[in-house]
Amino acid sequence: MRVVAATGMLGYGYEADSMRAAAESEIDLVGCDGGSTDGGPYYLGSGKASCSRAAVKSDLAGMLELARITGAPCVVGSCGTAGTDVQVEWVWEIVRELLHELKFEAKVALIYSEVSNEVLARAVSEGRLRPLDGVSQLTTEGVSGIERTVAMMGIEPINAALEAGADIVLAGRCSDAAVFAALPIRKGVNPAVAWCAGKFLECGAMCAEPRGPDAVSVTYDNESFTIIPLSEDRTCTPETLTEMMLHENANPFLHREPNGTLDLSDIIFTQEGRSVRVAGASFLPTEDYSVRLEGVRRIGHRAVIVAATRDPRLVASIGSYLAEAEERGYVMVSAMGIGREDYAIHRRVYGLNGVLGQLEFEKPTTHEMALIFEVVARTSEIAQAVASAFRSLILHMDFPERQCTEGNFALPFSPSGLDGGEVFEFAVWHALRLDDPLAAFPIAYNTVSP
Amino acid sequence: MTVSIGELARICRSKNAGMALVTIDVSFDDDLTYMAAKKALTPDVVGGLYRVEPVDVKIISWDRMRTLKLTFPRSPRSGGPGDLDVYGCQLHAPILALPVNIEVQEAG
């Protein structure tokens with residue numbers, strides 16, 4: 001049994017030679033993780049993808065070609081970054097285009113993962129929601145403001161689709177490891193081995209040295225698996241695999257999946273050439289089948305001003321200058337008839353503390369500073385109006401012993417008020433207890449015969 | 001001898017562990033430096049550096065891999081109002097700057 005992960009995220013790319021190498025052997029699955037919450041709440045709220053259509057299509061082209069040559073099914077999880085219905089269909093549209101271009105007949109399964117506010121409200125009243133990572137419990141009032149929520153599926157819906165004869169599975173929000181664990185478990189691989197392999201496959205060649213976007217593959221036996229990067233120039237090592245265990249997890253040893261917990265406390269790595277054999281994983285099934293919900297609410301619209309100063313006296317007094325500008329700005333905006341409750345401003349000063357904010361401990365030693373001035377408001381029009389008012393103020397406001405009386409900041413763009421798009425924030429981060437692992441994930445089938 | 005973690009650690013990195021938590025991994029090449037850092041990085045110290053309650057700081061020490069993992073709540077959450085770092089990957093500097101005491105054995 002051999003599984004290939006094309007790369008760490010659909011759209012990040014891989015080396016042509018690596019995929020060519022993959023085609024030379026028998027493989028049972030080619031998979032790729034298509035999304036993440038890494039990039040913040042925007043993608044879930046807007047339905048836009050964080051990778052471009054061109055990048056995603058390019059990666060899918062190689063994966064579908066590999067699937068066609070080897071006869072292996074292809075699974076993509078968390079399509080379109082957040083796995084929303086619109087994003088699943090966005091990837092489906094690209095796949096359909098490619099199937100016609102490659103003249104490849106295939107049965108395609110689309111697995112949806114959105115959770116309506118009605119379902120959320122019912123879950124609240126039935127006590128089936130558990131807050132994660134210290135967030136507060138969801139209330140019925142809280143649910144009404146939610147823009148969109150997805151549930152992170154496990155292996156069951158993917159296996160249902162494969163069971164139904166799907167050649168290509170495009171899944172909504174999905175556990176990263178489940179993308180790669182589903183088929184092997186269905187074919188009888190020890191779940192502990194399959195889940196553990198999935199954990200390392202999901203980031204592609206980020207688990208190898210040198211790190212990078214590229215393909216890796218895994219072969220399985222009863223108690224262990226062997227992972228190898230497909231590029232001859234890369235090597236997996238115990239250190240690189242250890243970093244994967246640490247990656248984005250509060251606990252490197254215990255990883256909760258919908259149907260149980262993967263325990264890597266006793267993991268053993270054995271270097272074998274460019275590959276590493278991994279043993280010692282265990283999987284503890286749970287009675288409490290639950291899926292992680294990710295949901296966002298809409299906050300408003302953002303306008304951004306980028307401005308930089310090279311004036312030594314302003315650089316030296318930037319803190320007090322901006323504090324005064326802010327106070328005057330509020331008065332100015334109020335006089336325009338815009339209420340304080342309709343907008344919020346956030347300023348970041350690079351060269352001072354733009355990255356760490358209040359946590360910064362170094363004193364500035366710079367000759368220039370950049371200000372990113374952000375307005376988030378109920379509407380785009382209000383955001384732009386507030387940004388414009390503050391821009392004219394900071395450009396021209398006087399300060400003690402000012403020499404640069406024509407303007408305080410270099411504005412690099414015309415227009416100076418950039419449209420920062422819609423703004424969302426995470427509002428659901430809860431585990432939902434399910435009686436039926438399939439009930440929350442409807443599957444639609446399409447056959448493409450070019 | 002007092003040295004900063006930044007001069008000792010092979011890896012010192014931060015990243016979101018989900019949208020509500022930040023996790024920081026610090027890895028060392030030898031037991032002497034690892035043990036010195038392990039002693040220095042307590043919940044109180046980490047809480048002070050990142051302005052979180054010590055009780056909300058979870059520290060896992062993986063002795064075999066000479067790695068410390070520090071996890072605590074993000075404020076704001078990823079992409080939340082005024083967020084400076086959506087991915088949470090540039091929060092490691094306060095750890096780099098932290099001084100630790102290394103007990104150096106005198107030769108002979």
Side-chain angles (χ1 to χ4, degrees), chain A residues 36-45 131-136 238-239 241-243 245-254 264-265 267-269 292 294-296 299-300 302 344-350 353-362 372 374 376 423-429, chain B residues 10-27 29 46-53 55-62 64-98:
Chain A
S36 169
T37 50
D38 258 11
Y42 177 75
Y43 307 99
L44 179 51
L132 298 169
D133 299 340
V135 308
S136 27
E239 285 73 32
L241 296 183
T242 298
E243 282 198 25
M245 289 170 64
L246 294 161
H247 173 64
E248 293 180 342
N249 295 311
N251 186 321
F253 308 114
L254 300 176
L264 305 180
S265 308
I267 201 164
I268 302 166
F269 297 122
R292 181 168 93 195
E294 300 165 354
V296 297
I299 298 300
R302 175 184 283 132
I345 65 175
H346 305 285
R347 46 182 165 91
R348 301 163 175 83
V349 184
Y350 295 93
N353 61 1
V355 177
L356 285 179
Q358 297 297 309
L359 305 180
E360 185 54 74
F361 48 89
E362 296 282 13
I372 296 186
E374 174 198 6
V376 177
V423 181
F424 302 91
E425 69 177 4
F426 283 110
V428 182
W429 194 256
Chain B
R10 187 183 78 250
I11 299 277
C12 180
R13 63 187 198 171
S14 72
K15 189 79 193 285
N16 293 345
M19 65 87 180
L21 300 175
V22 166
T23 193
I24 299 181
D25 299 324
V26 200
S27 295
D29 285 327
V46 176
L49 290 175
Y50 291 94
R51 307 202 182 181
V52 295
E53 291 300 321
V55 70
D56 292 331
V57 177
K58 304 287 181 253
I59 300 183
I60 292 182
S61 45
W62 191 355
R64 180 158 63 98
M65 305 309 293
R66 299 191 198 104
T67 294
L68 297 165
K69 178 176 268 289
L70 325 166
T71 307
F72 48 88
R74 276 193 56 127
S75 186
R77 297 174 185 169
S78 173
D83 187 11
L84 300 173
D85 186 355
V86 172
Y87 286 67
C89 60
Q90 283 291 301
L91 289 167
H92 60 306
I95 301 291
L96 291 174
L98 189 72

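Convention: sequence-line order gives letters A, B, ...; per-chain numbering from 1. Only heavy atoms go into these numbers, but all of them, side chains included; no hydrogens, no water, no symmetry mates. All values derive from a computational prediction rather than experimental measurement.
Contacts of A:Glu362 with chain B are absent, with no heavy-atom separation under 4.5 Å from either backbone or side chain. Of the two parts of A:Glu243, the backbone and the side chain both hold a non-hydrogen atom closer than 4.5 Å to a non-hydrogen atom of chain B. In this structure, the portion of A:Phe424 lying under 4.5 Å from any heavy atom of chain B is its backbone and not its side chain. Using a 4.5 Å cut-off between heavy atoms, A:Val355 contacts chain B through both its backbone and its side chain. With a 4.5 Å cut-off on non-hydrogen atoms, A:Phe361 touches chain B through its side chain but not through its backbone. Proximity to chain B (any heavy atom under 4.5 Å) is shown, for A:Ala250, by both the backbone and the side chain. Both the backbone and the side chain of B:Leu91 come within contact range of chain A, judged by heavy atoms closer than 4.5 Å. Contacts between B:Ser14 and chain A at a heavy-atom distance below 4.5 Å are absent for every atom of the residue.
Annotation: salt bridge (charged side-chain N to carboxylate O under 4.0 Å, His left out) contacts involving residues 80-94 of chain B, sequence neighbours excluded, comprise B:Arg74-B:Asp83.
Atom OG1 of residue B:Thr23 and atom CG of residue A:Asn249 lie 7.5 Å apart, to the nearest 0.5 angstrom. Here CD of A:Gln358 is found 15.0 Å from OH of B:Tyr50. Values are rounded to the nearest 0.5 Å. Within the model, atoms OG of B:Ser78 and CH2 of A:Trp429 stand 8.5 Å from one another, a figure rounded to the nearest 0.5 Å.
With chain B as the partner, the residue from A:Leu359, A:Ile372, A:Leu246 showing the most heavy-atom pairs under 4.5 Å is A:Leu246. Between chain A and the options B:Pro94, B:Pro76, B:Pro73, heavy-atom pairs under 4.5 Å are most frequent for B:Pro94. Between chain A and the residues B:Asp25, B:Leu49, B:Thr71, the most heavy-atom pairs under 4.5 angstrom are made by B:Asp25. Of the listed residues (B:Lys15, B:Met65, B:Lys69, B:Lys58), the greatest number of heavy-atom pairs within a distance under 4.5 Å of chain A belongs to B:Lys69.
A pairwise comparison of heavy atoms in A:Val135 and B:Met19 identifies CG1-CE, 4.1 Å as the closest pair. Considering all non-hydrogen atoms of both residues, B:Pro81 and A:Glu425 come closest at CD-OE1, 3.4 Å. Of all heavy-atom pairs between A:Pro252 and B:Ile60, the closest is CD-CD1, 3.9 Å. What you find for A:Leu356 and B:Ala93 is that their closest heavy atoms are CD1-CB, 4.1 Å.
Side-chain atoms of B:Arg77 never come within 3.5 Å of backbone atoms of A:Ala427 as a donor-acceptor pair (strictly under, hydrogens ignored).
Using a 4.5 Å heavy-atom cutoff, the side chains of A:Thr242 and B:Trp62 are in contact.
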Side chain to side chain contact (heavy atoms under 4.5 Å, CB included) between B:Arg64 and A:Ile267, intermediate numbers included: CA-CA 11 Å; B:Arg64 180 158 63 98; A:Ile267 201 164; 4.1 Å; yes

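With sequence neighbours excluded, the residues forming a salt bridge (Lys or Arg N to Asp or Glu O under 4.0 Å) with B:Asp29 are B:Arg10, listed by chain and number.
Atom CD of B:Glu53 is surrounded by 12 or fewer heavy atoms from other residues, nucleotides or ligands within 6.0 Å.
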